[in-house]
Student: 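Below you will find the structure I want to go over with you.
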2 protein chains.
Amino acid sequence: MTDQNGPQLTRIQQRNRERILEGALTAFSANGFRGATIDQIAEEAGLSKPNVLYYFGSKDEIHKTLLTALLDLWLAPMLSLDPDGEPLDEVLRYVSTKLDMSRDFPRESRLFAYEVLQGAPHLSEILGGRLRDLVDETVAVLTGWIDEGRLAKVDPHHLIFSIWALTQHYADFEVQVRAVLGPGHDPYAEAQVFLENLFRRMLAT
Amino acid sequence: MTDQNGPQLTRIQQRNRERILEGALTAFSANGFRGATIDQIAEEAGLSKPNVLYYFGSKDEIHKTLLTALLDLWLAPMLSLDPDGEPLDEVLRYVSTKLDMSRDFPRESRLFAYEVLQGAPHLSEILGGRLRDLVDETVAVLTGWIDEGRLAKVDPHHLIFSIWALTQHYADFEVQVRAVLGPGHDPYAEAQVFLENLFRRMLAT
DNA sequence: CCTCATCCTGACCATTTGGTCAATATTCGC
DNA sequence: GCGAATATTGACCAAATGGTCAGGATGAGG
């Protein structure tokens, strides 16, 4: 997953490509694709602008590489749904894991948020392809559980959407959440309690 | 609400300012602040670039004017919560209205999404000021209902966040929702059913 | 129809920004 | 230590973009 089948990378290539992607993640997630500049990425990475362009031919390529590299990380939690597990526990674990990811990887969350907001110019094939397949699988599992009467009757697609919306909201709109809550709150801890409660009530049979 | 206390606007001013804000809404909501150009706004508005700058001194000013002009529209549904109404009905109506707004005003939703994603550089005072006050009022109403046992015990702040997240998701991430669902779906109609069910189950005592 | 304020535009400017390139420095295999 | 491959950079370019301005067009009031 870490390296493609391409030619071997030297140590320096590996290190610098990593730095660039790390800097790009910071830059893109803070300002969106158009708002981030190669200079900014270069500074974050501790490299000169031409050197950044030496490793990635264009800003677009950096962005695309970053998105595809992070997609697996981002979708992994959904794959961990165990069809043989206890339905409610499985869903709650998914929700909890996804919320942890919002807390621990807010930049990744915002990166995808910007991309989708913009109409997903670099992800459109994936949205209707791999992502959709992945969702379909999950929907099949959920539908099975619902048909067995082990989960309340809810639209499984929208159940998935609701999990995404509710968990990613805390990363993508973090400034709003914190501003509205005011000081003295731990948004993620509170959200864990709230969301477990929410999904427990919604999905109980 | 439509006109400030400033000097009278001529008919032409009124018409052109409106066109510009309309064009800017399209441009900003599609590409974000940095991604939208004055040229683009001018074209949407059917005016020349210098003419746009004649009415609004800068791109920043257009953006700021647009945000503040739309804030009332955006927050209105929350104000319609009737403390004397039936709690569950009131909340469900709020959810439904908010979802309708996602369907009918997706550009507005995305405009705010971009702004908050970016750290709300033009809204920070409002988030921690007027918005927070508004939320506090609503929280007070919800808390009252909960204390009276007319609503399930849930964190009222996070209840509000969940309403925002779940409804705005359908506007902000519409491409994703449609790509995953595939053709032959009406996301908003399905969401209405799903969300009513969700909140009914979550909030029933 | 005249005048004045408002409205509009083409031409222009400075800055930013994505990207190139020749030249130099560094690393690596031997 | 040496030559080839790799890495790095300063200088530079063209396009895009936010914004200015002098002057011309157009509207409103008398």
Side-chain angles (χ1 to χ4, degrees), chain A residues 3-4 6-67 111 114-115 118 121-122, chain B residues 3-4 6-67 111 114-115 118 121-122:
Chain A
D3 53 1
Q4 298 286 86
Q8 281 298 342
L9 296 179
T10 70
R11 240 177 321 152
I12 295 179
Q13 282 171 342
Q14 206 159 354
R15 174 174 52 92
N16 285 352
R17 285 177 67 98
E18 206 165 307
R19 282 185 186 175
I20 291 167
L21 291 176
E22 170 69 21
L25 175 57
T26 298
F28 286 139
S29 68
N31 305 107
F33 180 75
R34 292 286 303 268
T37 70
I38 301 183
D39 273 306
Q40 198 180 136
I41 295 170
E43 180 158 4
E44 291 279 347
L47 300 172
S48 69
K49 182 168 74 165
N51 205 10
V52 168
L53 272 310
Y54 171 72
Y55 288 101
F56 293 90
S58 68
K59 185 182 170 182
D60 234 78
E61 192 185 323
I62 301 176
H63 190 241
K64 208 166 189 171
T65 305
L66 190 60
L67 280 177
L111 180 77
Y114 270 117
E115 175 67 8
Q118 216 160 70
H122 288 141
Chain B
D3 54 0
Q4 300 283 87
Q8 281 298 343
L9 297 179
T10 70
R11 238 178 322 154
I12 295 178
Q13 281 170 340
Q14 208 158 352
R15 173 173 53 92
N16 284 352
R17 287 178 66 98
E18 207 165 307
R19 282 184 184 175
I20 291 168
L21 291 177
E22 171 69 20
L25 175 57
T26 298
F28 286 138
S29 68
N31 305 108
F33 180 76
R34 292 285 302 268
T37 71
I38 301 184
D39 272 306
Q40 197 181 136
I41 295 170
E43 181 159 1
E44 291 280 346
L47 301 173
S48 69
K49 182 168 74 162
N51 205 11
V52 168
L53 272 307
Y54 171 73
Y55 287 102
F56 293 90
S58 67
K59 184 181 172 183
D60 235 79
E61 192 184 322
I62 301 176
H63 191 242
K64 209 166 188 172
T65 304
L66 190 59
L67 280 177
L111 181 77
Y114 271 117
E115 175 67 9
Q118 215 160 69
H122 288 142

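Keep in mind it's a predicted model, so treat the numbers as computed, not measured. Throughout, a chain's letter reflects where its sequence line sits, starting with A, and its residues are numbered from 1.
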Student: D:dA15 P sits how many Å from A:Arg34 CZ, rounded?
Tutor: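 For the pair A:Arg34 CZ and D:dA15 P, the rounded distance is 17 Å.
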
Student: Just do the side chain to side chain contact (heavy atoms under 4.5 Å, CB included) check on A:His122 and A:Asp60 with the steps written out, would you?
Tutor: CA-CA 9 Å; A:His122 288 141; A:Asp60 234 78; 2.8 Å; yes

Student: In residues 37-44 of chain B, what residues come within less than 4.0 Å of DNA chain D, judged by heavy atoms?
Tutor: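 Nucleic-acid contacts, sorted: B:Thr37, B:Ile38.
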
Student: Out of D:dA7, C:dA11, D:dG18, which has the shortest distance to the side chain of B:Lys49?
Tutor: D:dG18

Student: Indicate, with a heavy-atom threshold strictly under 4.0 Å, whether B:Tyr55 touches base, sugar-phosphate, or nothing.
Tutor: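 Since only primed, P, OP1 and OP2 atoms lie under 4.0 Å of B:Tyr55, the category is sugar-phosphate.
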
Student: OP1 or OP2 of C:dT27 versus the side-chain N and O atoms of A:Arg11: is any pair under 4.0 Å?
Tutor: no

Student: When you match B:Ile12 and B:Lys59 each to their closest nucleotide on DNA chain D, which lands nearer the 5' end?
Tutor: B:Lys59

Student: Mind checking A:Arg15 for me? I need base, sugar-phosphate or nothing, with any heavy atom below 4.0 Å counting as a touch.
Tutor: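 Nothing, no heavy atom under 4.0 Å.
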
Student: Just how far, in rounded Å, is P of D:dA7 from CZ of A:Arg19?
Tutor: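 Taking CZ of A:Arg19 and P of D:dA7, I get 13 Å after rounding.
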
Student: Could you please name the option among C:dT9, C:dC8, D:dT8 that lies closest to any side-chain atom of B:Ser48?
Tutor: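 Between C:dT9, C:dC8, D:dT8, the one nearest the side chain of B:Ser48 would be C:dT9.
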
Student: Would you check if A:Ile12 and A:Tyr55 make a side-chain contact, meaning some heavy-atom pair closer than 4.5 Å?
Tutor: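 Yes, close enough: below the 4.5 Å cut-off.
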
Student: What is the distance, to the nearest angstrom, from the OH atom on B:Tyr54 to the P atom on D:dA25?
Tutor: 17 Å

Student: Does A:Asn51 place a side-chain N or O at less than 4.0 Å from the phosphate oxygens OP1/OP2 of D:dA7?
Tutor: no

Student: Among the nucleotides D:dG10, D:dA28, C:dC7, which one has an atom lying closest to any side-chain atom of B:Gln13?
Tutor: C:dC7

Student: Can you find a pair of side-chain heavy atoms, one from B:His63 and one from B:Leu67, that are under 4.5 Å apart?
Tutor: yes

Student: Could you check which of D:dT9, D:dT8, C:dG18 has an atom nearest any side-chain atom of A:Asn16?
Tutor: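 Within the option list, the nearest is D:dT8.
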
Student: Whole-Å distance between D:dT17 P and B:Phe33 CZ?
Tutor: 13 Å

Student: Kindly give the heavy-atom pair with the smallest separation between B:Ile62 and B:Val52, and that separation in Å.
Tutor: CD1-CG1, 3.8 Å

Student: Between A:Phe28 and A:Phe33, how do the two ring planes meet: parallel, tilted or perpendicular, split at 30° and 60°?
Tutor: parallel

Student: Which residue, A:Gly35 or A:Leu53, contacts DNA chain C at a nucleotide closer to its 5' end, judged by nearest heavy atom?
Tutor: A:Gly35

Student: Tell me whether B:Glu61 contacts the main-chain N or O of B:Gly57 through its side chain, where contact means a donor paired with an acceptor under 3.5 Å.
Tutor: yes

Student: Starting at CG of B:Asp60 and ending at P of D:dG19, how long is that distance when rounded to a whole Å?
Tutor: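 Rounding to the nearest Å, CG of B:Asp60 and P of D:dG19 are 7 Å apart.
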
Student: Rounded off to whole Å, could you give me the CZ-to-P distance for the A:Phe56 and D:dT8 pair?
Tutor: 13 Å

Student: Determine whether A:Tyr114 and B:Gln118 make a side-chain contact, defined as any pair of heavy atoms from C-beta on separated by less than 4.5 Å.
Tutor: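 A side-chain contact under 4.5 Å exists here.
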
Student: Between P on D:dG18 and NE2 on B:His63, what's the gap in Å once rounded to a whole number?
Tutor: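 Value for this atom pair: 13 Å.
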
